[in-house]
Engineer: 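Here it is, the structure, as structure tokens.
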Amino acid sequence: MTDKKQEKYDRAYIRMALEWAKLSHCKRKQVGALIVKNRMIISDGYNGAPSGFENCCEDENEKTHWYVLHAEANAILKTASSTHNCSGATVYLTMSPCKDCSKLVHQAGIKRLVYINKYKDVSGIDFLNEAGVEVVEFDKKNL
């Protein structure tokens, strides 16, 4: 695929991830994720409480509950109950992954990650670069 065509798809999928982030019940940060393989969306996710828990991400002091799942973790876990796998896929994120989620991305076989907002700790990005995952920071101005 040409660079121009890839950028067109990246833009479209990032916009979709931004819309998906709006489904999150979290107040501090709403993050969305899409996993795409062979130009087909195979999974999606947003940050939030695990199934069966109240859809509240923060406590009374506005600190995030420890059990809140990140968007990419939700998307990767969703594939476990489907016929899809993430091997060779691209994940589109509205925020770069934390160090724990970067391990999930790599272990799931995802080969490319595109994001628009940088997480405060960039060690997840560093890890993915070291692991050979292509990491692309998409410029918000191009949306």
Side-chain angles (χ1 to χ4, degrees), residues 1-59 63-143:
M1 190 178 316
T2 66
D3 288 344
K4 195 124 176 114
K5 190 172 185 178
Q6 183 64 60
E7 185 179 328
K8 181 179 176 180
Y9 279 100
D10 287 348
R11 184 180 305 110
Y13 290 129
I14 282 288
R15 284 180 179 159
M16 292 172 75
L18 283 165
E19 284 300 312
W20 213 250
K22 293 175 185 177
L23 296 171
S24 172
H25 292 274
C26 295
K27 294 175 186 155
R28 286 183 48 236
K29 287 183 185 136
Q30 292 181 309
V31 182
L34 289 178
I35 300 176
V36 177
K37 188 173 178 179
N38 300 323
R39 289 197 322 210
M40 180 175 69
I41 297 168
I42 63 167
S43 192
D44 52 56
Y46 52 87
N47 57 324
S51 301
F53 282 73
E54 184 183 344
N55 279 329
C56 179
C57 298
E58 294 88 7
D59 63 19
K63 293 203 63 151
T64 302
H65 292 297
W66 68 268
Y67 53 78
V68 168
L69 291 162
H70 291 183
E72 59 274 41
N74 268 326
I76 291 168
L77 290 167
K78 244 183 174 178
T79 62
S81 61
S82 76
T83 59
H84 298 288
N85 69 65
C86 297
S87 183
T90 297
V91 62
Y92 292 88
L93 297 170
T94 60
M95 181 169 286
S96 65
C98 69
K99 59 187 175 185
D100 290 325
C101 287
S102 68
K103 293 183 285 187
L104 294 176
V105 167
H106 171 61
Q107 201 65 15
I110 292 170
K111 294 298 178 199
R112 188 166 180 264
L113 182 140
V114 180
Y115 71 94
I116 53 170
N117 297 304
K118 200 171 275 183
Y119 186 64
K120 61 186 173 191
D121 178 3
V122 295
S123 58
I125 295 170
D126 296 340
F127 170 80
L128 289 172
N129 282 321
E130 188 178 326
V133 175
E134 179 186 355
V135 177
V136 178
E137 182 176 9
F138 201 82
D139 190 346
K140 286 185 236 180
K141 290 180 258 176
N142 290 332
L143 295 178

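Remember, predicted model here, so these are calculated numbers, not experimental data.
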Engineer: Closest heavy-atom contact between Phe127 and Lys103?
Structural biologist: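 Closest heavy-atom pair between Phe127 and Lys103: CE2-CA, 3.9 Å.
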Engineer: Taking salt bridge (charged side-chain N to carboxylate O under 4.0 Å, His left out) as the criterion, tell me which of Lys5, Lys4, Arg11 meets it with Glu7.
Structural biologist: Arg11
Engineer: Any chance CG of Asn38 has more than 12 other-residue heavy atoms, nucleotides or ligands included, within less than 6.0 Å?
Structural biologist: no
Engineer: What pair of heavy atoms forms the shortest contact from Ile110 to Val133, and how long is it?
Structural biologist: O-CG2, 3.5 Å
Engineer: Kindly indicate whether the side chain of Lys99, heavy atoms from C-beta on, has any atom under 4.5 Å from the side chain of Asp126.
Structural biologist: no
Engineer: Might you work through the side chain to side chain contact (heavy atoms under 4.5 Å, CB included) test for Val36 and Met16, ending with a clear yes or no?
Structural biologist: CA-CA 12 Å; Val36 177; Met16 292 172 75; over 6 Å; no
Engineer: Can you name the nearest heavy-atom pair linking Lys27 to Glu58, along with the distance?
Structural biologist: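 Minimum heavy-atom separation between Lys27 and Glu58: N-OE2, 3.0 Å.
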Engineer: Run the side chain to side chain contact (heavy atoms under 4.5 Å, CB included) test on Glu72 and Leu104 for me, step by step, so that the C-alpha distance in whole Å, both residues' side-chain angles and the decisive distance to 0.1 Å come before the verdict.
Structural biologist: CA-CA 8 Å; Glu72 59 274 41; Leu104 294 176; over 6 Å; no
Engineer: Answer whether the closest heavy-atom distance between the side chains of Phe138 and Leu143 falls below 4.5 Å.
Structural biologist: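 Heavy-atom side-chain distance check passes, below 4.5 Å.
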Engineer: Shortest non-hydrogen contact from Thr94 to Ile116?
Structural biologist: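 In this case the closest contact between Thr94 and Ile116 is O-CG1, 3.5 Å.
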Engineer: List the steps and the verdict of side chain to side chain contact (heavy atoms under 4.5 Å, CB included) for Ser43 and His84.
Structural biologist: CA-CA 8 Å; Ser43 192; His84 298 288; over 6 Å; no
Engineer: Test side chain to side chain contact (heavy atoms under 4.5 Å, CB included) on Val136 and Arg112 and set out the steps.
Structural biologist: CA-CA 8 Å; Val136 178; Arg112 188 166 180 264; 4.0 Å; yes
Engineer: Could you work out, with ring-ring contact (aromatic ring centres under 6.0 Å, His included) as the rule, every residue matching Tyr13, not counting sequence neighbours?
Structural biologist: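 Applying ring-ring contact (aromatic ring centres under 6.0 Å, His included) to Tyr13 gives Tyr92.
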Engineer: Hey, are the side chains of Val31 and His70 touching, using non-hydrogen atoms and a 4.5 Å cut-off?
Structural biologist: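 Counting from C-beta outward, Val31 and His70 never come under 4.5 Å.
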Engineer: Between Tyr115 and Met95, what is the shortest heavy-atom contact and its length?
Structural biologist: CB-C, 4.2 Å
Engineer: Considering all heavy atoms of both residues, which atom of Ile14 and which atom of Leu93 are nearest to each other, and what is their separation?
Structural biologist: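 Shortest heavy-atom contact: CD1-O, 3.7 Å.
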